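Everything below concerns the one structure shown next.
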2 protein chains.
Amino acid sequence: MSKITITDVARKAGVSVSTVSRVLNDEKYVKAEKKDAVLQAVAALNYKPNLYARSLGGEKSFLIGLLFDDPSGGYLSDMQRGAMKACQRAGYHLVVELFNQDNKEGIDRFLDTLSLQGVILAPPVCDNPQVLDALAKRNIPVVRISPSEDYEGTASIGIDNYKAASILVNYLISLGHSKIGFIKGDPDHADAIERHQAFTDSMKKHSLTINPEWTRVGNYTFESGLNCAIGILSNPDRPTAIFASNDEMAASVITIANKFGIRVPEDLSIVGFDDLAIATLISPSLTTIHQPVEKMAELAVERILDLRNSDDEEFYEPQILESEFVMRRSTTNAPVIGSK
Amino acid sequence: MSKITITDVARKAGVSVSTVSRVLNDEKYVKAEKKDAVLQAVAALNYKPNLYARSLGGEKSFLIGLLFDDPSGGYLSDMQRGAMKACQRAGYHLVVELFNQDNKEGIDRFLDTLSLQGVILAPPVCDNPQVLDALAKRNIPVVRISPSEDYEGTASIGIDNYKAASILVNYLISLGHSKIGFIKGDPDHADAIERHQAFTDSMKKHSLTINPEWTRVGNYTFESGLNCAIGILSNPDRPTAIFASNDEMAASVITIANKFGIRVPEDLSIVGFDDLAIATLISPSLTTIHQPVEKMAELAVERILDLRNSDDEEFYEPQILESEFVMRRSTTNAPVIGSK
DNA sequence: AAACTCTATGAAAACGCTTTCATTTATGCT
DNA sequence: AGCATAAATGAAAGCGTTTTCATAGAGTTT
């Protein structure tokens with residue numbers, strides 16, 4: 001079967017090409033009966049409009065970009081799933097691209113040749129000024145997922161890190177823990193700072209002292225977590241709970257605890273953050289905070305699409321979603337002092 | 001700055017539009033000097049050809065599709081990275097799409113409106129006859145990654161599961177293990193069958209008996225692995241090593257072993273398969289087989305692009321890559337009988 | 001040196017839509 | 001009833017490329 005074009009549909013429906021186009025784009029000023037006729041013809045011929053022609057003629061592109069540094073982060077699959085679903089619903093498609101420091105060329109082409117409807121930025125590239133500038137210059141709508149910093153003229157979707165971290169700390173305290181260690185994330189990320197701030201504030205609020213020996217700075221990787229955990233746990237005086245700023249580092253703590261013969265959670269409670277896949281693959285499973293990344297990406301796509309109709313200023317309003325506290329097996333009551 | 005078109009370039013270079021197009025597409029029959037002039041003009045104007053116009057005019061599309069069922073599998077991020085890199089190098093872009101059983105509509109549109117240069121199919125959707133038929137009907141080049149079954153008229157890239165599994169088993173045997181358990185993957189997948197076959201063959205070759213009590217069938221998920229591990233390890237007579245058909249199920253075995261107070265690897269050696277992220281996040285880290293998924297995806301893209309030039313029949317030749325045996329901490333010599 | 005075959009180039013016709021512009025037909029208001 | 005305005009429609013002009021077609025010049029072969 002040869003390609004079916006809009007002309008075929010027009011002929012079959014007994015209207016002009018323009019009318020068919022109008023129906024396809026859901027414009028007003030089309031009589032209901034003609035609209036029906038067109039729709040019927042479309043269905044009968046199984047007509048699929050050519051995306052390239054549509055893009056070339058009009059100014060939409062039906063493509064949304066998703067840009068990331070490194071696709072290995074566990075949350076990315078969730079994010080991407082959300083974005084794909086939302087695109088699918090709207091008849092759009094998701095083009096993914098890797099940001100390489102060394103391949104500035106690639107992303108230029110990505111932005112210049114594709115004339116994307118909008119771009120979604122995953123962390124940590126969502127905070128890369130180079131990328132943000134490139135987008136700003138081209139005037140492409142941008143939605144940033146879980147950004148660390150603010151950036152003029154972009155939309156953002158995230159959670160309240162401070163609040164979520166506070167919940168974790170308060171939970172540990174409610175279990176009777178008073179000797180609590182903390183492993184900080186990459187200090188370049190605002191979220192790491194917020195989580196840390198929540199920790200110190202909550203401790204202070206409960207009049208608990210923070211032992212500097214039990215506070216270490218990692219960079220969100222498993223390896224960095226190992227060092228932090230060793231540093232904290234090789235102390236003769238050990239905390240009874242550790243707040244790791246993400247799940248990977250929490251996994252490191254479990255690994256080291258095992259190695260040191262420290263039982264988790266009986267001797268040591270551990271909380272993570274993010275609820276990545278490891279959180280349930282590891283033993284014991286992690287008490288952590290679940291970020292609705294899939295939802296975030298869905299919303300990101302929707303915001304870009306909404307922009308088409310109502311190019312409101314509200315697009316730029318940062319959006320904060322609720323995170324979810326997930327209680328699993330890595331936490332329990334503080335061991336009773338001097339017991340056993 | 002207003003959009004720069006091919007006409008601008010032509011004017012600047014003092015040639016016709018056709019010539020510019022020829023240079024852009026690297027066609028022959030263009031004098032070196034003119035070609036230089038064009039290239040220079042392109043650089044000077046920072047001209048980026050409009051992808052939609054190119055696609056509409058010609059028959060290429062500069063887009064390659066990547067289709068998967070479920071983006072949560074750990075290997076997907078690697079795969080996608082490989083595909084993105086290869087696309088970037090070639091000036092192509094990667095469009096990702098989720099295959100939903102319930103959203104047949106979505107993939108139809110994916111295939112019909114985008115006129116993709118080719119489609120890469122990740123497992124397990126690479127074995128979905130519905131999808132394969134849809135692609136065949138549209139005559140779109142298909143490359144399948146790690147497929148289970150053969151399918152006429154598609155290219156495929158995979159590893160030799162039998163060989164890789166044999167290496168694992170032989171390694172365990174070489175460590176002195178003779179009591180080896182096996183957790184099979186989803187029996188619907190050919191790779192699960194091949195890995196199992198390698199196990200039985202290797203055992204037989206070394207005159208070792210296979211204890212049916214120690215052989216369980218899972219479905220590649222962590223949960224299914226838990227049940228299998230419990231089944232095997234609650235036996236009074238326990239194996240000293242277990243071959244889990246993938247890393248997730250190997251992780252389950254470690255979890256259960258911990259719970260049962262069985263030391264890994266001192267009392268029980270464990271091997272996995274795939275070398276997903278968990279393999280190194282878990283403690284002890286897993287001895288396993290690394291599949292070069294990233295490489296596979298790169299090759300997949302390249303094969304699709306090659307097809308443009310030399311539309312050879314060799315495209316359909318299945319491609320088998322070398323896998324890599326990765327020795328980590330989850331395996332050690334078999335415990336000496338009656339020792340301690 | 002006539003008759004061919006390549007090589008090189010530009011003009012103009014597609015490609016399949018959207019959008020502007022002009023025109024006709026309906027509706028609302030005095 | 002008459003005029004202004006809004007609704008509905010089609011013809012035709014883009015959109016920015018690629019590709020076909022036509023043509024001219026440069027080598028080759030007889």
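Bear in mind that the values here come from a model prediction, so they are computed numbers and not experimental data.
For A:Tyr29, no side-chain nitrogen or oxygen approaches OP1 or OP2 of C:dA26 to under 4.0 Å. Between B:Asn50 and D:dC15 there is no side-chain N or O to OP1 or OP2 distance below 4.0 Å.
Distance B:Tyr52 OH to C:dA14 C1': 21 Å, rounded to the nearest Å. Between the P atom of D:dG10 and the NZ atom of A:Lys34 lies a distance of 5 Å, rounded to the nearest Å. We find that NZ of B:Lys31 is positioned 13 Å from C1' of C:dC6, with the value rounded to whole Å.
Nucleotides of DNA chain D nearest to A:Lys28 and B:Arg22 differ in position, and the one nearer the 5' end is that of A:Lys28. Between A:Ala53 and B:Leu24, it is A:Ala53 whose nearest contact on DNA chain D lies nearer the 5' terminus.
Counting any heavy atom pair closer than 4.0 Å across all strands shown, B:Gly57 reaches a base atom. Counting non-hydrogen atoms under 4.0 angstrom, B:Val15 reaches the backbone sugars and phosphates but no base. Contact annotation for B:Thr5: backbone-only contact, meaning every heavy-atom pair under 4.0 Å involves sugar-phosphate atoms and none involves a base. Using a 4.0 Å heavy-atom cutoff across all strands shown, A:Lys60 reaches no nucleic acid atom at all.
Salt bridge B:Arg303/B:Asp306: absent, no basic N to carboxylate O contact under 4.0 Å. Between B:Arg81 and B:Asp78 a salt bridge is recorded (basic side-chain N to carboxylate O distance below 4.0 Å).
Of the residues listed (B:Val96, B:Ile64, B:Leu67), the one engaging B:Ile120 in a side-chain contact (heavy atoms from CB on, under 4.5 Å) is B:Ile64, and it is the only one.
Between the side chain of A:Thr19 and the base of D:dA8, no donor-acceptor pair under 3.5 Å is found.
If you check the side chains of A:Ser21 and A:Ser18, you find no donor sitting under 3.5 Å from an acceptor. Side-chain N/O atoms of A:Gln88 and B:Asn100 include a donor and acceptor closer than 3.5 Å.
Comparing D:dC21, C:dC17, D:dG10 against the side chain of A:Pro49 picks out C:dC17 as the nearest. Looking at the side chain of B:Ile6, the nearest of the listed nucleotides D:dT9, D:dT18, C:dC17 is D:dT18. In this structure, of C:dT18, D:dG16, D:dT18, it is D:dT18 that holds the atom nearest to the side chain of B:Ser21. Considering only the side chain of A:Glu27, C:dT19 comes nearest among C:dT19, D:dG16, D:dC21. The side chain of B:Ser18 approaches C:dA12 more closely than any other nucleotide in the set D:dG10, C:dG16, C:dA12. Checking D:dC15, C:dC15, C:dC17 against the side-chain heavy atoms of A:Tyr47 singles out C:dC17 as nearest.
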